[in-house]
Amino acid sequence: MTKRSELRSAIAALKSGRRVRILSANPLTVASVETTDLDALDTLGARSLLISGWRATALSLANRLDAADPAEPVLLERPEWLDADAARAICDPGRDGERAPTGPLAPLPLDRGDEAKSALKLARLAGLLPALWVFDDAPDVMGVNADIVAASSAKVTLVARARLPLEDMPETQIAVFRAADGEEHVALIVGAFGGKPPLVRLHSECLTGDVFGSLKCDCGPQLQAALRLIAAADGGVLLYLRQEGRGIGIGNKVRAYALQDRGFDTVDANLRLGFADDERDYEEAAAILRELGISEVRLLTNNPSKVEGLEKAGIEVAERVGHHMPANPHNADYLATKREKSGHLP
């Protein structure tokens with residue numbers, strides 16, 4: 001089995017409720033709290049619960065043992081009362097308002113921190129909540145090397161490339177690249193930029209904004225404006241990256257929307273779900289640009305993390321070009337939060 005197929009199989013196994021073994025010198029066997037069959041817990045011996053430090057903070061465990069750092073995984077002892085439904089209620093913030101008081105949750109020392117981080121990353125790649133049952137090690141289950149999970153965003157493969165006529169645009173090509181986790185990212189190569197650093201937009205997929213025209217964000221207008229600006233600049237590249245909800249997936253993004261309806265802002269909603277405020281990295285974007293023969297760009301963004309991420313991955317950013325959209329009554333607070341909490345530039 002290749003490294004890529006190993007990663008994809010592990011993601012599929014976690015989604016379907018099967019156990020996955022994170023392979024290393026100290027292997028860790030886990031299964032998703034969301035998808036694990038109720039009967040499997042006791043039959044297979046689920047002995048503890050692994051959650052992210054962000055979710056531990058929301059559960060007021062931040063001053064206890066490994067929960068002191070919200071970026072670190074937290075291992076919880078499984079008391080007798082912690083069955084599948086109770087665990088789901090604890091791990092899903094959408095149920096915080098309806099959940100009855102539960103007994104104490106005791107953090108345990110975590111001696112497999114790197115493996116735990118890989119396991120939680122695998123859950124995120126699968127679009128699941130960062131909450132996993134930990135089982136006694138079982139060599140007969142689906143396995144994935146911890147290093148493969150950690151390096152999952154480093155390589156891409158060109159799948160196909162073709163002409164794509166677009167209204168009011170110069171000659172445009174579309175290229176599809178497949179990442180190690182199976183996600184397929186798109187590059188629109190617009191016009192001919194003649195050897196100079198092209199204008200490049202890294203656009204994270206936004207189903208609600210790009211397709212349905214949601215007013216909760218500025219993604220749809222940013223996408224359309226980026227294409228116009230690239231055309232006006234005599235060409236460039238728009239990367240359409242499968243990073244829905246800042247990298248947490250469409251299901252978790254809608255969970256975050258539900259929390260926003262209860263008064264949380266976009267950053268706090270992600271943290272309460274158990275994720276960092278932004279789970280994206282830009283190594284795949286950099287890999288795509290390299291495949292296109294591009295090593296230096298003019299980057300169309302307000303987000304300094306995109307500049308930092310590309311440069312860290314080896315792409316020189318010759319210039320940052322601002323990309324501002326007018327606010328509306330539904331997204332004014334969202335845009336303010338991005339500036340105040342995520343460091344987006346005015």
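Below, all heavy atoms of this structure are taken into account, side chains as well, without hydrogens, waters or symmetry copies. Throughout, numbering of the chain's residues begins at 1 and tracks the sequence.
Two residues are said to be in side-chain contact when any heavy atoms from C-beta on lie closer than 4.5 Å; L188 and I230 fail this criterion. P304 is not listed as a side-chain neighbour of R320, based on a closest heavy-atom distance of 4.5 Å or more. Residues F177 and L292 meet the side-chain proximity criterion, which asks for heavy atoms closer than 4.5 Å. The shortest distance between side-chain heavy atoms of I90 and V33 does not fall below 4.5 Å. Considering only heavy atoms from C-beta on, K253 stays 4.5 Å or farther from L207 through its side chain. T208 has its side chain within reach of Y257: a pair of non-hydrogen atoms, C-beta onward, lies under 4.5 Å apart. Put simply, the side chain of N26 does not reach to within 4.5 Å of the side chain of D111, judged on heavy atoms. Residues I11 and L122 form a side-chain contact, since some pair of their non-hydrogen atoms from C-beta on lies under 4.5 Å apart.
Interatomic distance, OG1 of T266 versus NZ of K216, reported as 8.5 Å (0.5 Å rounding). Summarising the geometry, atom CZ belonging to R290 is positioned 11.5 Å from atom NZ belonging to K155; distances are rounded to the nearest 0.5 Å.
In this structure, the side chain of R228 does not engage the main chain of D168 through any donor-acceptor pair within 3.5 Å. A donor-acceptor pair under 3.5 Å is absent between the side-chain atoms of R201 and the main chain of L299, judged by distance alone.
Salt bridge absent: D96 and R255 never bring a charged side-chain N and a carboxylate O closer than 4.0 Å.
No more than 12 heavy atoms of other residues, nucleotides or ligands sit less than 6.0 Å from atom CD of E308.
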